[in-house]
Amino acid sequence: MSKLPRTALVLLLAASLAPAFAADTPHVPSWHVVGRLALGGPGGWDYLAVDAPRHHLFVSRGDRVMVVDLTTNKLAGTLDGTAGVHGIAFDPARREGFTSDGGSASVTVFDLDTLKTLATIRGTGEKPDAIAFDPASGHVFTLNGRSHSASVIDPQQRAVVATIALPGKPEFAVADGKGHLYVNIEDKSELAELDTGSNKLLRTWSLAPCASPSGLAFDAAHRRAFSVCDNRVMAVSDVDRGRVVASVPIGEGPDAAVFDPVTHTVFSSNGESGTLTVVQQRDADHYTVAATVPTQKSARTMALDPTTQRLYLSAATLGSQRNARGWPMAEPGSFVVLEVGH
């Protein structure tokens, strides 16, 4: 039998293996801004949240929450009386929503179907910022920036039932659905793990090289948490081992992170850069930047609609005037929600 030259054998082997490697390489879609919802109106903004079953987008606006019907891109209603509102959380089983009202140290409870206010729960820590629903305990947690604590709310009792002291200023939080809540500690550059059954702080770990973490997302299948940080770094934590396993470069001024389990993609919205960093997950511990998408300066917070895989980011045109904190103020009537798709 005649033998093929070594170069021919190498080419044949490469050709036979190429389809297998190609199948393992995820397709990265081309993300871009596909629409702008001009909502206008006065006030600042913070977090957004999507109620996917009802196709509602909740947009916090300082003293109210605007609710957009994503099937029509029209305003479906407004939640008033939410002074200093930051975040929105949902309890699907009770068909209720909750807002963290930083100006009044309280939580507003509303009906997800009618958008009517059901109750106001007072007595959280000072300046409740992020808010999270924990399906394992059925409780709602506010992360209180000034008090350095987490308030535990029982929706059935309509009351704060516990307070958990934290080692620093909390930012965003995510629940794993198995009885743990993970919280970025901004001034310590740490991630804290809370037990939602006993309402105790279990441990913290350093997020180095991350500095000043804000937004946080979670991959339940691989047990990875994604913290976006002020020094243009995304820190990836193995929450079971309590340590950072990867870091990824992102844009400047991030304030939100989202993980899409369908496409195995992590997103960072970078308000100062005016960009969206698209990070592809290769496996649990390996990540690459797939794209940097132009958005708009000030677009620092976002939410994902898992049914359409569209991202929504709040933004406005920044003028030359500055507020008491020295931050640029938005031009009147310029507030928009950017829709990013592929």
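For clarity, every value in this text was computed on a predicted model and none was experimentally measured. One-based numbering along the sequence shown.
- Atoms CG and OG1, from Leu313 and Thr295 in turn, are 6.0 Å apart once rounded to the nearest 0.5 Å.
- Ring planes of Phe335 and Trp45: tilted class, angle from 30 to 60°.
- Considering Thr71, Asp113, Asp69 in turn, Asp113 is the only one that fulfils the side-chain hydrogen bond (donor to acceptor under 3.5 Å, both in side chains) rule with Arg54.
- For Pro213 against Ser227, the heavy-atom pair with the smallest separation is CB-CB, 4.3 Å.
- Linking ILVMFWY residues whenever their side-chain heavy atoms come closer than 4.5 Å, directly or via other members, places Leu201 and Leu181 in the same cluster.
- Listed by first and then second residue, the disulfide bond (SG atoms under 2.5 Å apart) pairs involving residues 109-189 amount to none (not counting sequence neighbours).
- To the nearest 0.5 Å, atoms OG (Ser314) and CG (Leu57) are separated by 7.5 Å.
- Val33 and Leu276 fall within the same hydrophobic cluster, defined by Ile, Leu, Val, Met, Phe, Trp and Tyr side-chain heavy atoms under 4.5 Å apart, directly or through other members.
- Side-chain atoms of Arg36 and Gln296 form a donor-acceptor pair, as typed in the model, at a separation below 3.5 Å.
- Rounding to the nearest 0.5 Å gives a distance of 5.5 Å between CD of Gln309 and OG1 of Thr263.
- At distances below 3.5 Å, not a single donor-acceptor pair connects side-chain atoms of Thr204 with backbone N or O atoms of Leu191.
- A heavy-atom distance below 4.5 Å is not found between the side chains of Leu70 and His56.
- Applying salt bridge (charged side-chain N to carboxylate O under 4.0 Å, His left out) to Arg224 and the options Asp238, Asp240, Asp283 leaves one that passes, Asp238.
- Between Leu143 and Asn184 the shortest side-chain heavy-atom distance does not fall below 4.5 Å.
- When every heavy atom of Pro328 is checked against every heavy atom of Gly319, the shortest pair comes out as CB-O, 4.0 Å.
- With Leu48 as reference, Val59 is the one residue of Val68, Val59, Leu304 to meet the side chain to side chain contact (heavy atoms under 4.5 Å, CB included) rule.
- With contacts defined as side-chain heavy-atom distances shorter than 4.5 Å, the pair Phe226/Val279 does not qualify.
- Under the ring pair (Phe, Tyr, Trp, His ring centres under 6.0 Å) criterion, Phe133 pairs with no residue, sequence neighbours left out.
- Listed by first and then second residue, the salt bridge (Lys or Arg N to Asp or Glu O under 4.0 Å) pairs that reach into residues 290-310 are Asp255-Arg300, Arg310-Glu339, sequence neighbours excluded.
- By the rule that hydrophobic residues join a cluster once side-chain heavy atoms approach within less than 4.5 Å of another member, Val340 and Phe267 end up as members of one cluster.
- No continuous path of ILVMFWY side-chain contacts below 4.5 Å connects Leu338 to Leu318, so the two sit in separate hydrophobic clusters.
- Hydrophobic clustering (side-chain heavy atoms under 4.5 Å, transitive across Ile, Leu, Val, Met, Phe, Trp, Tyr) keeps Val293 apart from Val289.
- In this structure a side-chain-to-backbone donor-acceptor pair under 3.5 Å is missing from Ser237 to Ala225.
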Which pairs of donor and acceptor atoms, one on a side chain in residues 169-176, lie under 3.5 Å apart (sequence neighbours left out)?
residue: Lys169; atom: NZ; partner: Glu171; partner atom: OE2; Å: 3.4
residue: Lys169; atom: NZ; partner: Glu186; partner atom: OE1; Å: 2.9
residue: Glu171; atom: OE1; partner: Tyr47; partner atom: OH; Å: 3.4
residue: Asp176; atom: OD1; partner: Lys178; partner atom: N; Å: 2.8
residue: Asp176; atom: OD1; partner: Gly179; partner atom: N; Å: 3.3
residue: Asp176; atom: OD1; partner: His180; partner atom: N; Å: 3.0
residue: Asp176; atom: OD2; partner: His180; partner atom: ND1; Å: 3.2
residue: Asp176; atom: OD2; partner: Arg223; partner atom: NH1; Å: 2.9
residue: Asp176; atom: OD2; partner: Arg223; partner atom: NH2; Å: 3.3

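- Separation of atoms CG (Asn144) and CD1 (Ile164) is listed at 10.5 Å; rounding is to 0.5 Å.
- Counted by atom type alone, Asp260 and Thr265 present zero donor-acceptor pairs between their side chains at under 3.5 Å.
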Run the numbers on Glu96 and Arg94 for salt bridge (Lys or Arg N to Asp or Glu O under 4.0 Å), then give the verdict. CA-CA 5 Å; Glu96 291 179 352; Arg94 294 180 61 87; 3.2 Å; yes

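- Checking side-chain atoms of Arg61 against main-chain N and O of Gly44 turns up a donor-acceptor pair under 3.5 Å.
- Looking at Thr99, its side chain never comes within 3.5 Å of a backbone N or O of Ile88 through a donor-acceptor pair.
- Taking CG of Leu75 as the reference point, atom CE of Met66 lies at 5.0 Å (rounded to 0.5 Å).
- A donor-acceptor pair under 3.5 Å is absent between the side-chain atoms of Ser147 and the main chain of Ser149, judged by distance alone.
- A side chain to side chain donor-acceptor pair (under 3.5 Å) check over residues 78-91, counting only residues at least two apart or in different chains, returns the pairs Asp46-His86, His86-Asp129.
- There is no side-chain donor-acceptor pair under 3.5 Å between Asp101 and Ser104.
- Arg146 CZ: 12 or fewer foreign heavy atoms inside a 6.0 Å radius.
- Taking all atoms of both residues into account, the shortest heavy-atom contact from Leu194 to Ala150 is CD1-CB, 4.2 Å.
- The structure places CD of Glu272 at 4.5 Å from CD of Glu252, a figure rounded to the nearest 0.5 Å.
- Side chain of Ser100 to backbone of Gly87: a donor-acceptor contact under 3.5 angstrom is found.
- A donor-acceptor contact shorter than 3.5 Å is absent between the side chain of Ser273 and the backbone of Thr275.
- By the 4.5 Å heavy-atom criterion applied to side chains, Thr196 and Phe141 are counted as neighbours.
- Within the 4.5 Å cutoff, no side-chain heavy atoms of Leu118 are placed close to those of Phe98.
- Heavy-atom contacts from other residues, nucleotides or ligands closer than 6.0 Å to NE2 of His286 number 12 or fewer.
- Under a 3.5 Å cut-off, the side chain of Thr277 and the backbone N or O of Pro249 do not form any donor-acceptor pair.
- Scanning all heavy atoms of the two residues, the minimum distance from Ala76 to Leu115 falls at O-CD1, 4.2 Å.
- For the pair Ser334 (side chain) and Ala316 (backbone), a donor-acceptor distance under 3.5 Å is absent.
- Summarising the geometry of Ala257 relative to Val228, their closest heavy-atom pair is CB-CG1, 3.8 Å, with the distance given to 0.1 Å.
- Considering Val140, Thr108, Asp154, Val109 in turn, Val109 is the only one that fulfils the side chain to side chain contact (heavy atoms under 4.5 Å, CB included) rule with Ile121.
- Under the disulfide bond (SG atoms under 2.5 Å apart) criterion, the residue pairs touching residues 197-234 are Cys210-Cys229, with sequence neighbours excluded.
- Using bins of under 30°, 30° to 60° and over 60° for the plane-to-plane angle, the ring pair Phe218/Tyr182 lands in the parallel bin.
- Between Ser268 and Arg232, every side-chain heavy-atom pair lies at or beyond the 4.5 Å cut-off.
- In plain terms, the two heavy atoms of Val258 and Leu311 that are nearest each other are CG1-CD2, 4.2 Å.
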